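Keep in mind that this is a model prediction, so the values were computed, not measured.
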Amino acid sequence: MPKTLRALFPPVARRRLAFRGGVIALPIFVLLQLLYPISLQQAEWVETSAQLTRLALLAILLGTLAGNSRLTRRSATWLGAAAGTFAVVILTVQATTPLDATLRERAIRLAMKVNDWITQVVAGEAANDPTVFVLILGATVWGAVYVGSFALARDKRPWEAILFSGACLVVNVSLALIPLTLDLVLFTLCALVLMVRLHIVALEERWQLLNIQPAGEMSLRVLRGGVTWTLVLILMALFTPRVGAAEALSGAFGTFEGPYHRVEAEWQRFFAGVTGPSRLKGVSFSDSVRLGQGPNLSDRVVMTVRSERSRYWRAVAYDFYTGAGWRVTEGDRVDKVVPPTSGREKLEATFEVEAPHANLLFAPNEPVRADIPYQFQGGLDRSYSTSFRALNRFQAAGTYTVTSYISTASKATLRKATTVYPDALKQRYLQLPSTLPQRVRDLAQRVAGPQPTPYDKAEAIESYLRERYRYTTNVKSPPAGRDPVDYFLFDLKEDFCEYFASAMVVMLREVGVPARLIEGFTAGAYDPGLDRYVVHEQNAHAWVEAYFPQYGWIEFEPTPSDAPVLRVDDDTSAGSDAGDPGGSSGAGDRDERGNLLDRDLLDEGGTATSDATTGIVAGTLDPRPALALAALLVLAVLASYVRFEWRFRGLGPVGAAWGKTRLLGAYAGLAPDASQTPYEYASAVASAVPGIATEVREIAHAEVLERYAPSGAGDADRERARGAWRRLRGELLGRLPGRAASALRHFLP
């Protein structure tokens, strides 16, 4: 090798290349390092993430070689940074579409995307291309894995590998739109087992230095015990109630909430095209929505609602259109909002929630208060909110009553509304990305541009979408690089409610009417036996709200599967049907109260796909934690029994009976003294527990014969010892609860 290359890559100490934990720990370490990139692929933030696993394997190899070489830490750091940059770029280029292009063409395409991203960010726009995000993911994978592998090879410490990869994994699991808890559990298991194994190796090295010869099964016993307690700790962490910790963390988070939301808003602007998986289980009502996701909605009951009117139950309002989906950027938390009262009336609704969504509170239209501690999320304008949340997330899972102001404004009243909007509201709710195709803008102007008032524009767009497009639950994702609204309007022409609502909001903004996307639930089906609306997960829905000065946010329904919002066409407002999304002018199916039935739940033949009048709703008490704790207790008892029996597996019947008696006696507070003979210990136990005096003396006599008699104990003595143990163990076991209670009283104040 030339001297220059030899100086750059010092020789590796081959003797140290053997993995310190041996063949047992090597696959555990590799799996530990691969869990983060695997978790990123499962989260489906972007399509081109398959290269992350290969990147992690390269980082493990280079980090291990560098750690076993004579490179200084600084040189190893520079080597890792340079090699990582090269590997991340090359693997990202290889994964970049179109795959039939040459490597050079894809590299040029990657550079152009990075340049466009920088231009959009500097200009203050939202950057929709996810390429830079892919590069950042690759950098985090390389950095975490390389540092961990180098530290383990150089310093024999697993902490860097656990902390760096673990921190990245926790962030990914926390932000992912699909549950990835199993990845975190598996990572924790691997980390604890790896630490146990490396601790065993350290003990063996220390024993060799001190010339100590441990028992042949010592390593196996320590590893088995470590794995057992690892599983116990993970199960306890999963099933132990965490109310106190959750409240403490909630209070601590409040201090940093403002700066966090500001950073979050900028992050969302930098990576507006990053959303999440293409298909979700259920509804999440998170701070971001990706259009084209196909939700798997079950028929489970989400909540029941007692209300005088059938309404939409709002969860989250989205303000920022990314060109791929929607985000919430108004993240200020306030204690009070004051919506306009013109053309509005008060409505109270009582919610009994069975399937909570974090600390979200549901409410009709514009909520103002609840009978539990609450907080609003919104922006600078305190006349509305984007979401309504409980301070304690556990109260959001019970029963609460919300007071809202719902619109009763007539069409004529809304047509007279002024078009002078606050600057902050125009900046937020007229926002459209520069990447929006021109034909979408042209269509909005053609449909609504000639209309004289904002209300007429909204009604024209609503009617256009309802009449020209078809509703279907077969959700299709837009092709890569396509704006989903453009794809829906000009190619699909049929899809789910999110496409309809998104198209209307985008078109309204193009013609100068502030609008936002709302997600929540339709009213559900009225159950006369419960005198409540029963809301199923299948009632999840998206609709539109347009802003009218003095009257606030007004609901519109562009999806043809649901009836349009009924508003009277003169200056007479109020009345039981005015402003009610459950009514329509002659269209729609109604229940016993005259409220519109949710047609999202009807099949093509018009038959309801769910039984809306199920029996009495189950209570809010969740038995699962108690059952889990009971199962954990049973498992612990079984594990203790197996471990107890395993300790005496190599002994004969007499030795096993005597050993079990002494060990169980020690647990029961009758520990033997080292100087006691078997007869003396038997006498002490007989004095303390007279009920087993005969049995313990029989076992002691058999032990003396087995140990000291020339021919050992006879068959009769062995049989008596075995039977005596079976009779006395129940008595000793009965003393354990009292012993545990005594110890607990000793430690309690």
Contact between [X] and [Y] at the side-chain level, heavy atoms closer than 4.5 Å - yes or no?
| X | Y | answer |
| --- | --- | --- |
| R389 | R333 | yes |
| Y36 | V141 | yes |
| V685 | T661 | no |
| L670 | V689 | yes |
| R157 | L152 | no |
| V302 | H357 | yes |
| L57 | V145 | no |
| E695 | R726 | no |

Work out which heavy atom in [X] is nearest to a heavy atom in [Y]; give both atom names and the distance.
| X | Y | answer |
| --- | --- | --- |
| I28 | C190 | CG2-O, 3.5 Å |
| A396 | P356 | O-CB, 4.1 Å |
| W142 | A87 | CZ3-CB, 4.1 Å |
| V696 | A682 | CG1-O, 3.5 Å |
| A688 | R735 | O-NH1, 4.4 Å |
| Y146 | A66 | OH-CB, 3.7 Å |

TODO: Taking side chain to side chain donor-acceptor pair (under 3.5 Å) as the test, write out the residues that go with R718, two or more places apart.
DONE: D715
[X] [atom1] to [Y] [atom2] distance, which is reported to the nearest 0.5 Å:
| X | Y | atom1 | atom2 | result |
| --- | --- | --- | --- | --- |
| L35 | L184 | CG | CG | 9.5 Å |
| N172 | I38 | CG | CD1 | 12.0 Å |
| L180 | F187 | CG | CZ | 14.0 Å |
| K660 | R729 | NZ | CZ | 7.5 Å |
| T140 | L52 | OG1 | CG | 7.5 Å |
| E706 | S711 | CD | OG | 9.5 Å |

Open item on the list: For D183, give me all partners under salt bridge (charged side-chain N to carboxylate O under 4.0 Å, His left out), at least two apart in sequence or on another chain.
Closed with: none
Open item on the list: Testing R722, R727, R720 one by one against E698 for a salt bridge (Lys or Arg N to Asp or Glu O under 4.0 Å), which residue passes?
Closed with: R727
Open item on the list: Between R662 and E703, does any side-chain N to carboxylate O distance fall below 4.0 Å?
Closed with: no
TODO: In plain terms, say whether D717 and R707 are close enough for a salt bridge, that is, a side-chain N and a carboxylate O under 4.0 Å apart.
DONE: no
Open item on the list: Determine whether a donor-acceptor pair (N or O, by modelled atom type, separation under 3.5 Å) exists between the side chain of E680 and the backbone of T677.
Closed with: yes
Open item on the list: Any side-chain to backbone donor/acceptor pair from T77 onto R73? Under 3.5 Å, distance only.
Closed with: yes
Open item on the list: I'd like to know whether I60 forms a side-chain contact (heavy atoms from CB on, under 4.5 Å) with F29, so could you lay out the CA-CA distance, the side-chain angles of the two residues, the decisive distance to 0.1 Å, and finally the verdict.
Closed with: CA-CA 10 Å; I60 292 174; F29 174 75; 4.3 Å; yes
- [ ] Describe, in one word, how the ring planes of W658 and Y681 are oriented to each other, choosing from parallel (under 30°), tilted (30 to 60°) and perpendicular (over 60°).
- [x] perpendicular
- [ ] Determine whether the side chains of Q41 and T53 contain a donor N or O and an acceptor N or O closer than 3.5 Å.
- [x] yes
Task: Check against side-chain contact (heavy atoms from CB on, under 4.5 Å), V535 and T304 - done: CA-CA 6 Å; V535 182; T304 60; over 6 Å; no
Task: From CA spacing to verdict: side-chain contact (heavy atoms from CB on, under 4.5 Å), Q395, Y400 - done: CA-CA 8 Å; Q395 290 180 311; Y400 56 86; over 6 Å; no
- [ ] Quick one: do Y679 and R697 satisfy side-chain contact (heavy atoms from CB on, under 4.5 Å)? Show the steps, please.
- [x] CA-CA 7 Å; Y679 288 130; R697 288 192 175 104; over 6 Å; no
